[in-house]
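Read through the structure below, which is laid out as structure tokens, and then see the notes.
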Amino acid sequence: MVSGFSVEWLNLREAADQRARDPQLREQALVWLGLSGGARAAHAFSESIVVDLGAGTGSTLRALAVPGSQQLVWRLVDNDGALLDDALRRHGKHYRIEDYQSDLTVVGELPLGGARLVTASALFDLMSAAFVDALVKRLSSLRGTWASGLYAALNYDGTTVWNPAHPYDATVLAAFNQDQRRDKGAGLALGPEAGNYLAAALTQAGFKVQTAQSPWLLGAADAAMVEALITGIADAVAASSGIDEQLLASWREFRFAHAASGSCTIGHVDVLALP
Ligand SMILES: C[S@@+](CC[C@H](N)C(=O)[O-])C[C@H]1O[C@@H](n2cnc3c(N)ncnc32)[C@H](O)[C@@H]1O
């Protein structure tokens, strides 16, 4: 469940995602688009192009929904046609959407032409260092023609704190973080290193980079999401070396028993890079 990208799972996590995004980086992304702050009056960015990589059902479009955002051109890129269809069904009437069902790893063919901002959320931890390198190189090479920023929210940072604690938490987390580095179809994934790696690559390429913590803060209202997370984590680590089947079963049982009364903090980092 955690590593699957069904509409149901993305819907389940949407509220926690929107709460988690760092408000200041989101605001600065809107300023860069001319949709907030002084730039709103000073610039006419209404025709600007935003390219959302791994767009899913359009979570970033919703996160940046402010007066004026319907005038932008939204290029939604994802290899999952069902998710793109869902985004079009929800927003196609009111937004100027161009959908691209394609593989992000073919970086040279990403439709970045004319983009004012490239966005992504909950994506880079799935991707490889080679993908980041190629994307940053492509963004840099476009700078002579036009200047695109990059706003990458919600990159998992490897931290998870459960309350109440269980003696097997650290073992499960270590195995889960190891699993996060697995090849998910786009090369060996950066997993918890994604935010740091991306920020360093962009800084090295001369972008002005800011990062901010954007943890999921999950409580009783998120019990359904927490239950899905527990199942996803337990399934992901079940076959890991060093995991004891019985201890994992008792961890899972304990976590389920506290899903509606306990809390959970899962760390992410947001990255905003401007030319
Ligand atoms: C965790 S989901 C995030 C979706 C959306 N950005 C959100 O925040 O709800 C990751 C998305 O990346 C897409 N994705 C993963 N690898 C991809 C690839 N190689 N090419 C295109 N899309 C990919 C998945 O289909 C999925 O929609």
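All ligand and atom numbering here is 1-based and tracks the order in the structure. Numbers here are sequence positions counted from 1.
- Applying the 4.0 Å criterion to heavy atoms of A55 picks out, from ligand 1, the atoms 5 (C), 6 (N).
- The closest non-hydrogen atom to atom 9 (O) of ligand 1, taken over A153, A82, A189, S59, comes from S59.
- In this structure, a donor-acceptor pair under 3.5 Å is present between the side chains of Y156 and N177.
- The neighbour count for E253 CD, taken as heavy atoms of other residues, nucleotides or ligands under 6.0 Å away, does not exceed 12.
- Across S121, G56, G187, heavy-atom proximity to atom 3 (C) of ligand 1 is greatest for S121.
- For D270 and S214, the side-chain atoms include at least one donor-acceptor pair closer than 3.5 Å.
- Between T57 and R62, the side chains place a donor N or O and an acceptor N or O closer than 3.5 Å (distance only, hydrogens not considered).
- A donor and an acceptor atom, one from each side chain of Q24 and Q28, are nowhere located under 3.5 Å apart.
- Side chains of W251 and D169: a donor-acceptor N/O pair is present below 3.5 angstrom, by distance only.
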Q: List the steps, then state whether side-chain hydrogen bond (donor to acceptor under 3.5 Å, both in side chains) holds for S36 with E27.
A: CA-CA 7 Å; S36 186; E27 171 66 15; 2.6 Å; yes
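- When only interatomic distances are considered, the shortest N/O to N/O separation between N79 and ligand 1 falls below 3.5 Å.
- Side chains of Y197 and D133: a donor-acceptor N/O pair is present below 3.5 angstrom, by distance only.
- The N/O atoms of D103, backbone and side chain alike, include one that comes under 3.5 Å of an N/O atom in ligand 1.
- Checked against a 3.5 angstrom limit, the closest N/O atoms of G54 and ligand 1 fall inside it.
- Using a 4.0 Å cut-off to heavy atoms of S102, the atoms of ligand 1 that qualify are 20 (N), 21 (C).
- Residue A120 does not touch ligand 1, judged by heavy-atom distances below 4.0 Å.
- Note: no N/O pair closer than 3.5 Å links A122 and ligand 1 by distance alone.
- Comparing D17, D52, D78 by heavy-atom distance to atom 27 (O) of ligand 1, the nearest is D78.
- Applying the 4.0 Å criterion to heavy atoms of L123 picks out, from ligand 1, the atoms 12 (O).
- Counting only N and O atoms by type, the side chains of D17 and W216 include a donor and acceptor under 3.5 Å apart.
- In the vicinity of L126, heavy-atom distances shorter than 4.0 Å reach the ligand 1 atoms 10 (C).
- At a heavy-atom cutoff of 4.0 Å, ligand 1 is contacted by no atom of T57, backbone or side chain.
- Against a heavy-atom cut-off of under 4.0 Å, D80 is close to the following atoms of ligand 1: 25 (O).
- Between Y95 and R90, the side chains place no donor N or O within less than 3.5 Å of an acceptor N or O (distance only, hydrogens not considered).
- Residue-ligand proximity, L83 to ligand 1, at heavy-atom distances under 4.0 Å covers atoms 25 (O), 27 (O).
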